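Side chains included, hydrogens not; waters and symmetry mates left out as well; all remaining heavy atoms used. All figures in this text were calculated on a predicted structure; none of them were measured in a lab.
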Amino acid sequence: MTAQPRGRSRRRAHRTAAVLAAAVGSLLLVAGPASAHVRVFSDGAQEGHPATLRFRVPSEKADVTTVRVDVTLPRGVTPTAVPAAAGWTVRRGAAGADGTTHVVWTATAGHELRPDDHRYFDVRVGPLPEKASVTFDAAQTYSDGSVVDWDEVQKGTAVPDFPAPVLVLDAAAATASPATGAAAPSSPAAPSTPAPGVAAAPGGGTGTGSWLPWSVAGAAVLAAGAAVAVLRRPRAAARS
């Protein structure tokens, strides 16, 4: 039996590389927008119980830094403490006439959130309301003076461009009532969770980007290397 012609191997390698490239591109399109949203996490959060809220804020713009983050806690969510955030000052406002409370973090010189970085801002709160989900607002200010308002409520399955951070307390109820604005646990815009609340990622400081795009990029590099190896492999000798 003789080995397959080299031309056929090349064509097959090219097709494989093209398919891998398309798959990687699709994954990056999905991973990018989801990782860029301001999101809220709370490990083991339950209705009627105190919790620690962790707001993950990414710095999306390429040429400016994030210098201020203003989170609005809705009526029924009362802050009890705000842990220090290294390099940032914090101001907790009094409850307004509408029952909302603002917590504002401002970067000190040299600690601004650089492009593609993110960090967590924590707030300890009293017993959470008896609701399937809790929606927050966040205003992100950049060094050029622009402000991004993360306050759009999701309706149905379409994810808005600037979705408000949502903490799901009762996944089944939130899924059954999409009008609440809470993303179902299976939605690409929110991490899956088998239990109430959304578990926070480990660590509490800053980070660069999201693990998923970098993992996909690594897979792309390995796939490209494999394709090159196939293209360079010498013609196999005929078998006797």
Side-chain angles (χ1 to χ4, degrees), residues 25-43 45 51-74 77 85 88 102-105 107 112-123 132-143 146-169 171 174-175 178-193 197-217:
S26 299
L27 283 171
L28 286 174
L29 286 175
V30 171
S35 64
H37 297 161
V38 171
R39 300 164 74 180
V40 61
F41 301 82
S42 185
D43 189 14
T52 296
L53 307 177
R54 309 196 71 202
F55 293 90
R56 182 188 186 278
V57 179
S59 198
E60 297 180 285
K61 295 191 176 183
D63 301 319
V64 291
T65 58
T66 295
V67 297
R68 187 174 186 267
V69 176
D70 182 346
V71 170
T72 304
L73 306 180
V77 178
W88 292 66
H102 287 262
V103 181
V104 181
W105 293 268
E112 301 86 353
L113 198 54
R114 296 172 298 178
D116 295 327
D117 278 4
H118 70 267
R119 74 164 299 145
Y120 292 89
F121 298 93
D122 296 352
V123 182
S133 63
V134 182
T135 302
F136 303 84
D137 289 349
Q140 180 177 10
T141 303
Y142 285 91
S143 55
S146 61
V147 179
V148 176
D149 291 316
W150 300 92
D151 59 0
E152 297 178 357
V153 176
Q154 179 174 336
K155 297 180 180 179
T157 57
V159 179
D161 292 333
F162 302 99
V166 177
L167 180 67
V168 177
L169 300 176
T175 303
T180 62
S186 59
S187 168
S192 298
T193 173
V198 181
T206 60
T208 302
S210 170
W211 63 269
L212 183 55
W214 292 109
S215 299
V216 173

Heavy-atom closest pair (Glu152 atom, Asp161 atom, distance to 0.1 Å) is OE1-N, 3.3 Å
Interatomic distance, OG@Ser133 vs CG@Leu169, rounded to 0.5 Å, equals 7.0 Å
d(Asp137 CG, Thr72 OG1) to nearest 0.5 Å is 5.0 Å
Has Thr65 got a side-chain atom pairing as donor or acceptor with Glu112's backbone, closer than 3.5 angstrom? no
With side chains defined as the heavy atoms from C-beta onward, is the minimum distance between Pro115 and Lys61 less than 4.5 Å? no
Checking side-chain contact (heavy atoms from CB on, under 4.5 Å) for the pair Val77/Phe136: CA distance, chi angles, key distance, verdict? CA-CA 10 Å; Val77 178; Phe136 303 84; 4.3 Å; yes
Q.
Can you classify the ring geometry of Trp88 versus Phe121 as parallel (below 30°), tilted (30 to 60°) or perpendicular (above 60°)?
A. perpendicular
Q. Relative to each other, are the rings of Phe41 and Tyr120 parallel, tilted or perpendicular (30° and 60° limits)?
A. perpendicular
Looking only at heavy atoms, the pair that brings Val64 and Ser143 closest together is CB-OG, 3.3 Å
The side-chain hydrogen bond (donor to acceptor under 3.5 Å, both in side chains) partners of Thr52 (sequence neighbours excluded) come to none
In Thr66, Asp116, Val67, the residue satisfying side-chain contact (heavy atoms from CB on, under 4.5 Å) with Ser59 is Thr66
Check: Glu60 main-chain N/O paired with Tyr142 side-chain donor or acceptor under 3.5 Å
yes
Quiz prompt | Note, Val57 side chain near Trp105 side chain (heavy atom, < 4.5 Å) | solution = no
Between the CG atom in Asp151 and the OG1 atom in Thr135, the distance rounded to the nearest 0.5 Å is 11.0 Å
Scanning both residues in full, the closest heavy-atom pair of Ala158 with Gln154 reads O-CG, 3.3 Å
Separation between CZ (Arg119) and CZ (Arg54), nearest 0.5 Å, reads 9.5 Å
Rounded to the nearest 0.5 angstrom, the CG-CG distance for Leu53 and Leu73 is 7.0 Å
For Pro163 and His37, the nearest pair of non-hydrogen atoms, with its separation, is CG-ND1, 3.6 Å
Do Val38 and Gln140 have side-chain heavy atoms sitting under 4.5 Å apart?
yes
